[in-house]
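Here's the structure we're looking at; comments come further down.
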Amino acid sequence: MESFPENQFLPTPSATFDAADVVMVQLPLEKTVSYGTGTSGGPRAILQSSSQIELFEEETGLDFQYSPKIHVAPPLRFDPTESLETALGQIRDFMRPLRGRFVFGLGGEHSLTYGTLTGLCDDLRDVTVVQLDAHADLADTLGGLKWSHGTVMRRLWERGCRFLQIGIRSLSREEFEVASTSDRITLYYAHEFPRRWPEVLESLRRLEGKVYFTLDVDGLDPSLIPSTGTPQPNGLSWRQTMDVIRGVAENPKIDWFSTDMVEFVPSPHPPGCDLVAARLAMKVLAYRQIGLRNRGK
Ligand SMILES: [Mn+2]
């Protein structure tokens, strides 16, 4: 395990940048955590544990040795003395030349979504963010900070994004008001499942246009991934999570152009749930590949 290559996902050599179907970007960003620490180690732990995953994906029948081809870029280095805003500018500038490629960002704290999205798109008014998360991340400020993992969706909302938020079970009254009065935010609380689950799937089927899918691992139930900065009980089951990913992947009316997976903290007891997180990333790529194939792309 120690000798697993630095910039590789799964036990097969990283594809070249030009040949890749997917560009995986390591974003070990950790600037404004509010509770548990360690998200900066997330990308490394996920890549490392992916060495233990079978290349054959039994549900989709894909063999990751051949498809999809994944290029893993070296991790971005963030200057610890610089502000979060500066780091987000760095991510934005890194992403800009990747427009037109499918970018999979591995975090790192949730704020990175802002840098990624603004790097990949100029006009956010035609983008829907599908957000699987325990937290709405819609606060105007958190701990006095405008830029934080807890305010990232508010900043994107101000830029005109639409939102489909799934699994929310922790937010302030202020965030609740924003979510319930904005016609650009559709929010499904975790306590409403399973009653409203068919509506969640219907909302995914109705999506059109450009879609950015952000997967905060704390959206899943902590029995699956307890290793995250701010865990909350009553999260999505593995099966529900798969349904959401498939809902995005199988919708032929959307241009799903990028995804990130954020807030994972390496488990203190190896192999812990690092492998669960790595498997989650693999599932995203497997369903996407099958979705593309079904559309003849
Ligand atoms: Mn979040």
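Counting starts at 1 for both ligands and their atoms, in listed order.
- Residue pairs satisfying the salt bridge (Lys or Arg N to Asp or Glu O under 4.0 Å) criterion with at least one member in residues 14-37, sequence neighbours excluded, are absent.
- The aromatic rings of Phe257 and Tyr212 sit tilted relative to each other, their planes meeting at an angle between 30° and 60°.
- Applying the ring pair (Phe, Tyr, Trp, His ring centres under 6.0 Å) criterion to Trp157, with sequence neighbours excluded, gives no partner residue.
- With sequence neighbours excluded, the residues satisfying side-chain hydrogen bond (donor to acceptor under 3.5 Å, both in side chains) with Lys283 are Glu57, Glu59.
- Distances shorter than 2.8 Å separate the Mn ion (ligand 1) from the protein N/O/S atoms His110 ND1, Asp133 OD2, Asp137 OD2, Asp216 OD2.
- Around the CZ atom of Arg162, the shell of radius 6.0 Å holds no more than 12 heavy atoms that belong to other residues, nucleotides or ligands.
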Test salt bridge (charged side-chain N to carboxylate O under 4.0 Å, His left out) on Arg279 and Asp274 and set out the steps. CA-CA 9 Å; Arg279 198 65 215 274; Asp274 297 10; over 6 Å; no

